[in-house]
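Structure, as structure tokens:
Below, chains carry the letters A, B, ... as their sequence lines are ordered, and counting in each starts from 1. Just the heavy atoms: all of them, side chains too, but no hydrogens, waters or symmetry mates, feed the values below.
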Amino acid sequence: MRAASNDAAATLFRAEHGVCRAGRTRRGGPPREAYSIGMTNSEVATALEQVADLLEFQGANPFRIRAYRNGARAIRDLPQQITTLLADPAVQLTNLRGIGNDLAQKITEFVQTGRFAMLDELLESIPASVLTLLRVPGLGPKKAAALYNQLGIETLDQLREACVQGQIRKLKGFAETTEQAILSGLDLAVQADQRIYWAEADGIVQDLLAHMKSSSSIRQIEVAGSFRRGRETVGDLDLLVEAARPQTVMNRFGAYPDVDCVLARGDTKMSVRWDGRLQIDLRVVPHDAFGAALQYFTGSKDHNVVLRGRARQRGLKINEWGVFQVHEGRPDKWIAGKTEADVYAVLELPWFPPELREARDEFHWAETHTLPDLIRSDAIQGDLHMHTTASDGRASLQEMVDAAKARGLKYIAITDHSKRVSMAHGLDGDRLRSQWKDIDQCNRRVTGIKVLKGVECDILEKGGMDLPDDVLSEADWVIASVHYGQNQSRDQITKRIIGALRNPHVSIVAHPSGRLINRRAPYELDMDAVINVARQEGKFLELNANPARLDLDDTTCAAARQAGVPIVISTDAHHPDGLDAMRYGIQQARRGGLTADDVANTRSWSALQKLLRRK
DNA sequence: GCCGTTTTCGGCCCGACTGTTTTCAGTCG
């Protein structure tokens with residue numbers, strides 16, 4: 001879970017990683033232009049979050065600050081583009097939970113004119129750079145504001161200088177210890193602003209669990225937090241333990257290799273900094289509280305806020321120790337907490353898969369008894385995106401087939417790059433047909449798995465496909481991908497992708513947004529239009545399972561599901577081990593609320609073809 | 001600033017830990 005006050009850092013992270021785009025420079029650049037179209041949900045949400053950060057810095061009413069954060073989240077989680085919603089006269093923004101008259105008016109103004117008067121005014125009194133101070137562990141809005149107001153500190157460099165000169169300790173509420181803590185936290189602030197991929201976190205988690213489980217004192221152990229919810233990136237790890245001797249467990253925890261320092265240690269809680277980049281928290285709870293604590297620390301924060309509100313309505317109080325009856329305003333009698341299911345049951349709710357706990361649709365689904373039966377890994381029958389040494393893969397056709405068969409897949413598509421991707425030694429029509437002959441031979445030789453003749457064909461910069469229709473028509477499976485011209489305008493890229501979907505031989509668009517998590521923002525794209533055309537044309541959209549891509553993201557998966565567009569989860573493997581990435585895609589699909597039925601490659605190859613309208 | 005089976009005002013989630021403070025504010029999750 002992220003703390004509310006920590007959201008400032010998240011906002012900065014988003015702002016610095018390409019959420020702002022050319023022509024709409026937010027701060028320090030040319031003034032915003034007037035835009036009637038093209039403003040993305042992410043940009044609107046980022047602006048609202050920035051308002052919240054600045055208000056927090058000013059010491060504004062915390063509930064007003066929260067209202068802006070809630071509004072930002074409502075916009076960020078929208079399955080449709082905000083521009084599409086505003087263009088629809090039947091839609092009222094105020095119908096969205098968390099958006100009232102005031103926010104609706106501000107958002108509309110921002111989307112239609114590119115101006116956000118309140119944000120501009122706030123930034124006149126507080127430089128945006130001051131928010132970087134909040135990255136330093138231990139520095140929240142109050143202390144950071146004191147540093148800015150009393151010492152004029154605006155940047156991390158100025159903060160370091162003030163520490164070195166011993167100025168910080170002179171301020172009321174600060175002392176030498178705080179000054180030293182800031183100094184040692186400064187280096188961390190510079191590097192620790194990036195969340196790690198879930199897949200990397202998983203490696204650490206498995207190793208950490210193995211280390212901890214050798215302690216005989218432990219009766220139950222789970223990892224909670226955003227890791228358990230399967231978020232695509234993880235900012236820290238939350239380890240939960242039931243143990244007979246808490247201090248023994250904490251000692252074991254502290255002995256985990258590469259623990260740099262202990263940040264805090266009390267009776268039930270311990271935090272460490274690991275390997276210079278990751279905070280790991282440990283909580284030790286008694287048996288009767290394990291389920292309540294697991295629920296509490298799994299979050300999300302917003303899901304838990306809804307839950308506690310629900311508890312209050314029933315005269316109950318819910319915290320990490322359990323669910324309690326309230327008597328004269330004080331928690332009185334413990335009534336649940338051994339398991340998560342117990343906690344939810346007391347609130348007349350079903351147990352929610354952790355991936356759905358984001359306060360998006362899960363409570364509505366629970367009330368209407370439409371909670372989706374989320375897809376599981378064992379439902380996947382085929383993998384329809386992988387490469388071989390014919391292009392940029394690192395294993396032969398036969399090696400990939402053997403690896404796929406060993407993983408129990410019933411069919412795979414070999415989809416090497418087309419010639420436009422010259423760096424990857426992409427295939428022209430002749431080489432592709434030659435590979436397909438090899439695949440025919442392979443199919444005669446191998447039993448128990450069907451190998452499909454496919455290609456990942458580039459969508460050219462000027463539009464159109466990289467291979468002629470007569471070649472594509474001979475393939476079993478044609479993936480269309482954008483690899484070049486990613487900086488084109490929204491209109492251009494949208495037209496290219498829609499054009500590909502309308503090509504009668506194309507089956508699917510791969511990694512539709514083009515993003516690389518933490519490295520490259522998605523390209524400008526009207527995703528609503530893409531989903532709409534895919535639905536019209538009877539085509540599929542890929543959920544690329546590569547941990548650095550996970551493209552589509554969770555909310556777009558939900559939008560595709562809502563539109564009835566089948567998703568295909570593919571690994572895009574470039575070597576045999578790459579096939580194991582499927583589970584990351586499954587996890588992302590679960591976050592999008594997808595069932596096995598929503599995912600085309602849970603079907604047999606023949607059943608999948610019946611879903612697809614392709615010549 | 002939002003919201004309403006406590007409905008147009010008065011609430012808004014909760015606890016552990018730390019440091020500076022001698023009873024609590026700030027930070028964090």
Distance check needed: [N] [atom2] versus [X] [atom1], whole Å only.
X        : N      : atom1 : atom2 : result
A:Lys172 : B:dG26 : NZ    : P     : 10 Å
A:Leu278 : B:dG29 : CG    : P     : 11 Å
A:Ile107 : B:dG1  : CD1   : C1'   : 12 Å
A:Gln313 : B:dG4  : CD    : P     : 10 Å
A:Glu56  : B:dG26 : CD    : P     : 12 Å
A:Leu282 : B:dG15 : CG    : P     : 20 Å
A:Lys142 : B:dT18 : NZ    : P     : 21 Å
A:Leu240 : B:dG15 : CG    : C1'   : 14 Å

Under 4.0 Å between any heavy atoms, over every strand shown, what does A:Ile99 touch: base, sugar-phosphate, or nothing? Just pick one.
-> sugar-phosphate
Inset, instruction - Using a heavy-atom cut-off of under 4.0 Å over every strand shown, decide if A:Arg66 touches base, sugar-phosphate, or nothing. - result: base
How far does the [atom1] atom of [N] sit from the matching atom of [M], given to the nearest Å?
N      : M      : atom1 : value
B:dC2  : B:dT6  : P     : 22 Å
B:dT23 : B:dT18 : C1'   : 15 Å
B:dC3  : B:dT8  : C1'   : 10 Å
B:dT20 : B:dA25 : P     : 16 Å
B:dA16 : B:dT22 : P     : 23 Å

Whether [X] contacts [N] is assessed here as follows: a side-chain N or O lying under 4.0 Å from the phosphate OP1 or OP2. Is that the case?
X        : N      : value
A:Lys301 : B:dC14 : no
A:Lys143 : B:dT27 : no
A:Trp321 : B:dC14 : no
A:Arg312 : B:dG4  : no
A:Gln279 : B:dC28 : no
A:Ser271 : B:dC17 : no

Consider only side-chain N and O atoms of [X] and [Y], and report whether a donor and an acceptor are under 3.5 Å apart.
X        : Y        : result
A:Arg265 : A:Gln247 : yes
A:Thr368 : A:Thr370 : yes
A:His303 : A:Glu358 : no

Would you indicate which nucleotide in [options] comes nearest to any side-chain atom of [X]?
X        : options                : answer
A:Ala67  : B:dG1, B:dA16, B:dT20  : B:dG1
A:Ala264 : B:dG15, B:dT18, B:dC12 : B:dT18
A:Tyr68  : B:dG11, B:dC17, B:dG1  : B:dG1
A:Lys269 : B:dG1, B:dA16, B:dC14  : B:dA16
A:Thr268 : B:dG29, B:dC2, B:dA16  : B:dA16
A:Arg283 : B:dG1, B:dA16, B:dC14  : B:dA16
A:Lys317 : B:dT27, B:dG4, B:dG15  : B:dG15
A:Phe63  : B:dC12, B:dG15, B:dT20 : B:dC12
A:Asp102 : B:dG29, B:dA16, B:dG1  : B:dG1

- Message: Are A:Val223 and A:Asp238 packed together at the side-chain level, in the sense that at least one heavy-atom pair is separated by less than 4.5 angstrom?
- Response: no
One should read off an interatomic distance between A:Leu86 CG and A:Leu93 CG, to the nearest 0.5 angstrom, of 5.0 Å
Scanning all shown strands, the Watson-Crick or wobble mate of B:dT18 with both distances under 3.5 Å is B:dA25
May I ask you to verify whether the side chain of A:Asn70 and the base of B:dG1 hold a donor-acceptor pair under 3.5 Å? no
Worked verdict on A:Glu179 versus A:Arg169 for salt bridge (charged side-chain N to carboxylate O under 4.0 Å, His left out)
CA-CA 6 Å; A:Glu179 196 174 74; A:Arg169 69 184 74 175; 2.8 Å; yes
Requested in this report: Check for a donor-acceptor pair, side chain of A:Glu242 on one end and backbone N or O of A:Val285 on the other, with a separation under 3.5 Å.
Outcome: no
